[in-house]
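Here's the structure, in structure tokens; my notes come after.
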Amino acid sequence: FDRALESSLADEAQKIREASKRSAQHADVALEQDDAAGASVIDAALGIDEEFLAVVRNSSGARADLVEAIRDARKSQLRNLQQLILLLRGSGTSSNGTSQAAAPRISLLEAARSTARAAA
């Protein structure tokens, strides 16, 4: 009877060891799958981050270019307005942009006033 009991216990112990090995193998496979899934999620997140960084850099560069273009346009507008004011006052500008008093002559504003008075 003892021998049969020992044999039965040995068989049960063997079955338990085999079941434990199978469980460990399944757990290893599950861990590998989880690792692969986790790695793919991390890779996807890094890809999204890299795309976002590229968009932000391009946007910052475009914004800087736009600000520079606006500044240039405003400088040009100011220069044109200053030249128009000089022209309306009857003064001129030299080729280098410095104002010069023209020979005494009537300005466009004075001419418009004279014409309006003469018509009235």
Side-chain angles (χ1 to χ4, degrees):
F1 178 77
D2 288 338
R3 213 175 254 202
L5 182 61
E6 285 178 15
S7 174
S8 176
L9 289 175
D11 288 343
E12 288 299 317
Q14 182 64 27
K15 288 179 185 177
I16 290 172
R17 280 193 288 274
E18 289 174 4
S20 176
K21 285 181 185 178
R22 282 193 304 271
S23 294
Q25 288 172 347
H26 289 325
D28 287 343
V29 168
L31 284 175
E32 288 174 7
Q33 290 173 346
D34 285 346
D35 287 346
S40 65
V41 168
I42 290 170
D43 289 342
L46 286 175
I48 291 169
D49 281 351
E50 289 172 357
E51 289 174 16
F52 179 72
L53 180 61
V55 167
V56 168
R57 284 184 177 161
N58 289 339
S59 175
S60 296
R63 188 175 57 220
D65 292 344
L66 180 61
V67 167
E68 191 64 32
I70 290 171
R71 285 182 183 150
D72 291 344
R74 287 183 177 167
K75 286 178 187 176
S76 176
Q77 183 183 30
L78 178 63
R79 198 170 36 252
N80 290 339
L81 288 173
Q82 289 170 338
Q83 290 175 354
L84 180 61
I85 289 169
L86 290 173
L87 179 67
L88 291 173
R89 287 184 181 156
S91 302
T93 58
S94 67
S95 60
N96 65 5
T98 59
S99 81
Q100 297 176 340
R105 58 185 164 164
I106 192 165
S107 73
L108 293 176
L109 293 176
E110 292 170 338
R113 279 190 233 149
S114 305
T115 306
R117 286 184 194 151

> Atom CD1 in Ile70, atom CG in Asp65: separation rounded to 0.5 Å?
Replying inline: 11.0 Å

>> Distance check, rounded to the nearest 0.5 Å: Gln77 atom CD versus Asp72 atom CG?
In response: 12.5 Å

>> Just verifying a value: how many Å separate Gln83 CD and Ile85 CD1, rounded to the nearest 0.5 Å?
In response: 10.5 Å

> Taking atom CG of Leu86 and atom CG of Leu81, what is their separation to the nearest 0.5 Å?
Replying inline: 11.0 Å

> For the atom pair CD (Glu51) and CG (Leu46), what is the distance rounded to the nearest 0.5 Å?
Replying inline: 11.5 Å

> Roughly how far, to the nearest 0.5 Å, is CZ of Arg89 from CG of Leu84?
Replying inline: 10.5 Å

